[in-house]
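A, B, ... follow the sequence lines: proteins, then strands. Residue 1 opens every chain.
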Amino acid sequence: MWQPTKLELERLEKAERLQCRGLELYPARVERSHNIAAAVALFLRSEADAPAEAIEVTVTGRIRRLNSKGKVSFAHIEDESGRVQLFMRVNALGEDSYELIRRKLIDIDDFVQASGAMMRTRTGEVSVNVDDIRLLSKALSPLPVVKEQRLADGAVIEYGEFKDTESRYRQRYADLAVNKSVREIFIRRARTIKALRDFLDGEGMLEVETPVLQPLYGGAAARPFSTHHNQLHQDLYLRVSFELYLKRLLVGGYDAVYEIGRDFRNEGVSYKHNTEFTMLEFYKAYIDYMGVMDITERMFAKVAQQVTGSAQITYQGQAINLAPPWKRVSIRDAAQELLGFDYMDYPTSDTLYAYLDSRGLAEGLEPSDTWGRMIVEHLLGNYIEPHLIQPTIIKDYPRDMSPFAKRLQGEPASADEKERHYIESHTERFEFFIAGMEMGNAFTELNDPRDQQERFVDMKRLYAAESDETTPLDEDYLKAMRYGMPPNGGFGSGVDRMVMLLTDQTSIRDVLLYPHLRSQQMTEADLRGQFMLEAAVRGFEYRLDHQLAGTKRRLALYLPAPNVGVEYRLANALEGALPQLRNLRKAFAGYLYVMTDEALYRIDENLIEISAADFWTSLSEA
RNA sequence: GGGCGCGUGGCGCAAUGGCAGCGCAGUUGACUUUUAAUCAAUUGGUUGCAGGUUCGAGUCCUGCCGCGCUCACCA
C-alpha cells in the first residue's frame, strides 16, 4: 500500500486545496486545437507574413519547468511533439487563476491545457500568452528533476539526469517521461519495424502469424520455456524460433512468407540477449542462400535509409556502411585470413584441438567439443566476429552446426580429397555481422525429407552428451516435407540488435521498453496493500507492526481476535497472502509472526501455531 | 552459476573508522519578459536488509536482496 513520501504528502495537500476551490483534478473533457509542434509551426509561418494575425491556440501537455517571477510566470509544457513556453501574467489570467501558478498548486509534472495567442517574449522565445489554464491531471508523485539548458548553438545540456539503470528499467514510464532521448529510441524502434514490413511486403512476401505455444520446439538449438495446458493435459513450449512452422507454409503453396514476433529462450541474459526478443524470419521459394544474401543487403540498406535517412550510419563512433555489396567470405577463408591456417588441414576434432592448442588458441575449448562447434563457436565467435565491424557475410558453415541447411554445392568427384571432404562437410548457410555483432542467420533450406531425418538423428547423436536440450525430431515437419517443399532460402534476424544498431545503443535492454529484471523483493508496502485488500473483502481488521522485541526490527501482523476468532477464517484470510509472507520473511531475517488475541503463529512454510514461550525464545535466539 | 564493482533524502552526488553533507527539486517570502532565472530563509536521511568487529561503522568483516560490467552458457 502506498505510503506517501514527504513530497507526495505536499502534493496531496495541494490536491485537496484545489478541490476546495472546486477544481477537478482529473477532468474527463479536454480541448486541444494543435499539438505543440503544430502550434509553433503555425506561428512561425504567420510571422513570415507581414501583418501577422493573432494565432489563437489551445495546447496541452506536461509541465516540465516552472518559473514564477512574482506577477508573471513562465512554464514549459511538453507533449509528444515538443515543448513550448507558457507566458502567464496575472493581468491576462486573472487573480484567481494566476494564484494556482503563483502558489504552485499546479506543479511541475502536472498535465495542463493552456489557451492564448502565440507570441514571442522579449528574449525571443516562441510562447503562448496564456489567458486560460486548466489542470488536466494532477501528478501526486514528482518525477525525477531534469533541467535543460539550451545553448546558443541549439545543443541541450541536461542537469540532474535520471540515470540509475535499475530505476529506469523498473519505472520505464518515469524514464520516458523525463528522458526525451529514451522516447526517441522507441520511436525509432517502431519505425525500424515498420520499415522492415514495408520492405518485405514490397518483396511480395506474405506476413503470417504462427503459434507461440508449440507442442514441440525447434528451429534453433536453444533451451525453451515450458508450460502446461490444463484442459488439454498437454505440455507446451514457448517457441524458440518460427522456422519449422513457416516452412510448412511453403509446402502449402505460398511463395514467400515472413513473421515478425517474439521468441523465448531460456538462457542467460547479456548486453545482446534478452530472454524474450523480437525475431524476423522469412522463407522464399525458388531462391538459394545467395538470393537471401542479396535480399539481406538490400533490406538493411533500405531500412537504415528509411529510419535514419542514410545507409551510412554511425555506431559507437564508427562509420558503418550498410549499402550493398557487403563483403562475403567463407568461414574457412575468414579463418585463413585472420588466423593464417586452413582448418581443413585438421579435419577432425582431435587434430583441430591439438593444432589450436599448439598455437595457444584453445583457451576455453574442450577437446570433447564437436569439430563444427570448435570452428563456429570458438574460432568464429572469439577470433573473427569481433573484427567484423563493417557488414560481413560469413558463409559455408560446418554441417554439424546447421541441421536445416543444404549441403554445399560443388563437384565432389573431380576435386581432390581435401576439397571433396570440405564440400561434404559444409552447408549453404551464412551469418552476417555488423559492428562485431551477429545480426542474423540464413540458409539454402534443406527440403529433402530423407536428408532432414538423417540430420535430426545426427544432431541427437552429436549433442547426446549435453543431453537435455537437443532439437527434438518433429515428425509432422518431416511429413509436411514429404509432400514436397519447394527449394527455398530462409532468413532469421534479431530485430532488437538491428534497433541497437540504428539507435546507437550498446545494450539490448535500452531498446526494450520492459527488459527482463528479477522481480523485486516483496516490500512492507506490498504486504500492506495485500492485507488492505484482504481486509476490505473479508471484513477484518489488522495491524502490521515493527518493533516487537526491543530494538530488534521485526515485523508482525496483528489480527484482533473478535475479527478472526475462528481459526479457519484466519487461515482463509492468509491463504492469498501466504506466498508473499514467506517471501517477505526473508527480508526480515526469517522472523514473521501472526498474532491474534488467542494464539500466535509463526509463518514458516505454512502457518504454525506456537506458544508465547516459543515466541519469546525464538526472538531471544535471534 | 563464477569474478569484479555499486546500493547514502524525490533525483544527481560527497563524507582518512569520529557531528551524514552538497546541488537540484520541495516549503516560506521577494520579484510583471524568465529560461539550469535570481535573492533570502527553511523542511526532509534506521546510509538496500540482517548479523558481527569496535569506545565508536555510511566506511571494516559475514550472509542475504537488487543492479551494472565481465566470464561461462547461448549448434
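Checked against the 6.0 Å centroid criterion, the rings of A/W371 and A/H378 do not qualify as a close aromatic pair. In this structure, A/F87 has its ring center under 6.0 Å from that of A/F74. Checked against the 6.0 Å centroid criterion, the rings of A/H273 and A/F277 do not qualify as a close aromatic pair.
Checked by distance alone, A/T123 brings no side-chain donor or acceptor within 3.5 Å of a matching partner on the base of B/U33. The base of B/U43 sits within donor-acceptor range of the side chain of A/K6, with an N or O pair under 3.5 Å. With hydrogens and angles ignored, no donor-acceptor pair closer than 3.5 Å exists between the side chain of A/E148 and the base of B/U35. The base of B/U33 is not paired with the side chain of A/R120 by any donor and acceptor separated by under 3.5 Å.
One C1' atom belongs to B/G21, the other to B/U59, and the distance between them is 15 Å to the nearest Å. A distance of about 11 Å separates the C1' atoms of B/C6 and B/G48, rounded to the whole Å. B/A41 sits 26 Å from B/U46 when the P atoms are compared, rounded to a whole Å. Using atom C1' as the reference point in both B/G1 and B/A72, the two lie 8 Å apart (nearest Å). B/A15 and B/G23 have their C1' atoms separated by 15 Å, with the value rounded to a whole Å. Atom name P, nucleotides B/U42 and B/C55: the rounded distance is 39 Å, in whole Å. Look at the P atom in both B/G68 and B/U8: the space between them is 15 Å, to the nearest Å. Nucleotides B/A14 and B/A75 place their P atoms 41 Å apart, quoted to the nearest Å.
Using a 4.0 Å heavy-atom cutoff across all strands shown, A/V90 reaches at least one base atom of the nucleic acid. At the heavy-atom level, A/Y397 lies nowhere under 4.0 Å from the strands shown. Residue A/S68 is classed as a base contact, given a heavy-atom separation below 4.0 Å to a base. Using a 4.0 Å heavy-atom criterion, one finds that A/R89 contacts the bases of the nucleic acid, with or without backbone contacts as well. Across all strands shown, A/Y159 has heavy atoms under 4.0 Å from base atoms, whether or not it also approaches the sugar-phosphate. Among the heavy atoms of the strands, none lies under 4.0 Å from A/K272.
Rounded to whole Å, atom C1' of B/C11 lies 12 Å from atom NZ of A/K147. Remark: P of B/U32 and NZ of A/K71 are 5 Å apart, rounded to the nearest angstrom. Straight-line distance from the CG atom of A/L7 to the C1' atom of B/C11: 10 Å, rounded to whole Å. In this structure, A/N266 places its CG atom 20 Å from P of B/A72, rounding to the nearest Å. Note: CD (A/E161) to P (B/A25) measures 16 Å, nearest angstrom. Following rounding to the nearest Å, A/D164 (CG) and B/C67 (P) show an atom-to-atom distance of 11 Å. A/L105 places its CG atom 9 Å from the P atom of B/U28, with the value rounded to the nearest Å. Remark: P of B/A25 and CZ of A/R11 are 13 Å apart, rounded to the nearest angstrom.
In terms of heavy-atom proximity, A/L93 sits nearest to A/S97 at O-CB, 3.4 Å. Across all non-hydrogen atoms, the minimal contact from A/P224 to A/L238 is CB-O, 4.2 Å. Heavy-atom minimum distance, A/S241 versus A/G219: OG-CA, 3.4 Å.
Salt-bridge annotation for A/E78 and A/R83: present, with a side-chain N of the basic residue lying under 4.0 Å from a carboxylate O of the acidic one. A salt bridge links A/D510 with A/R168: at least one charged nitrogen is closer than 4.0 Å to a carboxylate oxygen. No salt bridge links A/D496 with A/K272; every basic N to acidic carboxylate O contact stays at or beyond 4.0 Å. Checked for salt-bridge contact, A/R265 and A/E267 miss the test: no charged N lies under 4.0 Å from a carboxylate O.
A cation-pi arrangement is found for A/R429 relative to A/Y397, the charged atom lying closer than 6.0 Å to the ring centre and inside a 45° cone about the ring normal. Relative to the six-membered ring of A/Y98, A/R89 misses at least one condition, a distance below 6.0 Å or an angle of at most 45° to the axis.
Between A/R373 and B/C74, a side-chain N or O to OP1/OP2 separation shorter than 4.0 Å is present. Taking 4.0 angstrom as the limit, A/R170 places a side-chain polar atom (N or O) nearer than this to OP1 or OP2 of B/C67. Considering only side-chain N and O atoms, A/K14 lies under 4.0 angstrom from the phosphate OP1 or OP2 of B/U27.
The listed nucleotides are B/A36, B/C11, B/A37; the one nearest the side chain of A/R65 is B/A37. Here the nucleotide nearest the side chain of A/Y169, chosen from B/U35, B/G68, B/A75, is B/G68. Ranking B/G66, B/A75, B/G10 by closeness to the A/E166 side chain, first place goes to B/G66. Residue A/R122 has its side chain nearest to B/U33 when only B/C11, B/G68, B/U33 are considered. With B/U27, B/A37, B/C73 as the candidates, the nucleotide lying closest to the side chain of A/D107 is B/U27. Each of B/G10, B/A75, B/C74 was ranked by its minimum atom distance to the side chain of A/E267; first place goes to B/C74. Which of B/U32, B/A75, B/A25 sits closest to the side chain of A/I108 comes down to B/A25. Taking every side-chain heavy atom of A/E377 into account, B/C74 is the closest of B/C24, B/C74, B/U34. In the set B/A75, B/U27, B/G68, the nucleotide with an atom closest to the side chain of A/T165 is B/G68. Of the candidates B/G44, B/U32, B/C11, B/U32 carries the atom nearest the A/V72 side chain, counting heavy atoms from C-beta on.
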**Prompt:** How does RNA chain B look in dot-bracket notation if pairs are Watson-Crick or G-U with both distances under 3.5 Å, crossing ones as [ ], other-strand ones as |?
**Reply:** (((((((..((((....[..)))).(((((.......))))).....(((((..]....))))))))))))....
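A heavy-atom distance below 4.5 Å is found between the side chains of A/R172 and A/P515.
The residue among A/K163 and A/N91 whose nearest nucleotide of RNA chain B lies closer to the 5′ end is A/K163. Comparing A/Q85 and A/R103 by the nucleotide of RNA chain B whose heavy atom lies nearest to each, the residue mapping closer to the 5' end is A/R103.
Between A/F491 and A/F432, the angle of the ring planes stays under 30°, which puts this pair in the parallel group of the 30/60° scheme.
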Polar-atom pairs under 3.5 Å, protein N or O versus N or O of nucleotides 69-71 of chain B: list them with distances, or write none.
unit_1, atom_1, unit_2, atom_2, d
B/C69, OP1, A/R509, NH2, 3.3
B/C69, OP2, A/R509, NH2, 2.5

